[in-house]
Amino acid sequence: LEHDLVLEGRVVTPRGFEDLEVGVDDGKIVEMKHQGLKGARRIRTGRGLTFPGFIDVHVHLREPGWEYKEDFRSGSEAAVHGGVTTVADMPNNRTPATNPTLLMEKRRLADEKALVDVRLYGGVQAGRLADLKEMAPLVAGYKLYLARSTGGAIFPETELRAFFREASQTGLPASLHCEDQTIIERMEAVLSGQRRADLYCDIRPPQAEVSSVRKVIEALRGFGGMRANICHVSTAETLAEVRRARESGLLVECEAALHHIFFNRKAALEDGLLRTNPPLRPESDRRALLEGLKSGLVSFLVTDHAPHTEEEKRSQGLAGVPGLDDYAHIVSWLIREQGVSPDVIARVASSSPAKFLGLDDRGEVAVGKRADLTVVDIHTPVKASRDQVRSKCGWSPYEGMVFPGGARWTIGEGTVLLDDGDLVT
Ligand SMILES: [Zn+2]
């Protein structure tokens, strides 16, 4: 019996490492053995580590409306380059995806153009809670913005309980961008007239995030089955709130974004391109995120891939940085230089995201699962550079930095999308 594809090498499983042959047929993992599998194609992964395909629950692929920044094709090429086989796309398009018509349009475009599996979030508008049930069949979850960011209207804190009541009926989770708009506006007034490179970090201070997170957690009480995900946590205090909420029995998840775990606010002084919402934080917060990743407090490692062109970043000061191209670079850095073990990576980059999105066909290298596989070589240093970037925005926050390695093979549903480092198109 010959399989379509056999991968041979070191596999990251829930039990640690195993040297295995993974047999793939018709997009699924059908057999795993120590040796003896035959395949029409055999990939020897050498010093690479085979992970379940990475799943990024927070991206902005910008289509439709802002295709000059990114589209489903270019964004998914960046994902493949970074070892990401499933993404969940946020609804803050030029016209926010807050109803079934717009979501169906996104579905059609993604199905036509994307190289990886794209899941969608439905945007939630104030006073439109009746839309939740209508959107449910089209989305993996809901997204709420509690502060002003790129596109999308602010969802009022006063409607959070009503939202959770309605959303809990659908069984779908919600992701929340938590910053307190009142605090941001107060800080804008207090700091107006000041000019310094890291001013933005103070206009959107840690307290704005923590205050918003507390309100979300309060509003969640009483809706036991509702799963809420705090997006891009940037401060140690938020992590403490998440821990307390979980201890009290609430289903609260949280994300760490690549840039918050890699940079501290000193980097914002040196590079104006690093403006994000929420902004970069002091080193103590960065370390807390790293510890949270290791301890299980952080549920998901995400990019919050938010491409803008370099020109509009510089001229308009737009917030958001790309990240998909660099996902596996950061993974290699976490493993080699920050003491994060590969099984932690498999959890935050694949198995937990799969559960959150309701995708029980993936998230683990196991027989019967979808053949989404990412081979990361952590022993061949690579320099992040713009000529490697596949995102249409054409730049990387990590430009010129050398990482211990990157994605070598990316396999989506049995199809080799990245082959020994080269994108297959
Ligand atoms: Zn985002």
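Note that ligands are numbered from 1 as they come in the structure, with each ligand's atoms numbered from 1 the same way.
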- If we only count heavy atoms from C-beta on, is the Thr98 to Arg128 side-chain gap below 4.5 Å?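 Side-chain contact under 4.5 Å: no.
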- Message: For a distance under 2.8 Å, tell me if His60 has an N/O/S atom near the Zn ion (ligand 1).
- Response: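 Yes, His60 qualifies, because one of its backbone or side-chain N, O or S atoms lies under 2.8 Å.
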- Message: Under 2.8 Å from the Zn ion (ligand 1), can any N, O or S atom of His58 be found?
- Response: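 Yes, His58 qualifies, because one of its backbone or side-chain N, O or S atoms lies under 2.8 Å.
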- Task: Measure up the Tyr327 and Phe54 rings against each other and bin them: parallel (under 30°), tilted (30 to 60°), perpendicular (over 60°).
- Result: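 Taking Phe54 first and then Tyr327, their aromatic rings sit tilted (interplane angle of 30° to 60°).
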- Task: Could you tell me which N, O or S atom of Asp304 is nearest to the Zn ion (ligand 1)?
- Result: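 Per the distance ranking, Asp304 contributes OD1 as its closest N/O/S atom to the Zn ion (ligand 1).
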- Message: Quick one about Tyr121 and Asn92 (side-chain donor to acceptor, distance below 3.5 Å, no hydrogens or angles considered), yes or no?
- Response: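 The answer is no; no qualifying pair exists.
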- Message: Ring centroids only, cut at 6.0 angstrom: are Tyr142 and Phe164 within range, meaning strictly under it?
- Response: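 No, the ring centres sit 6.0 Å or more apart.
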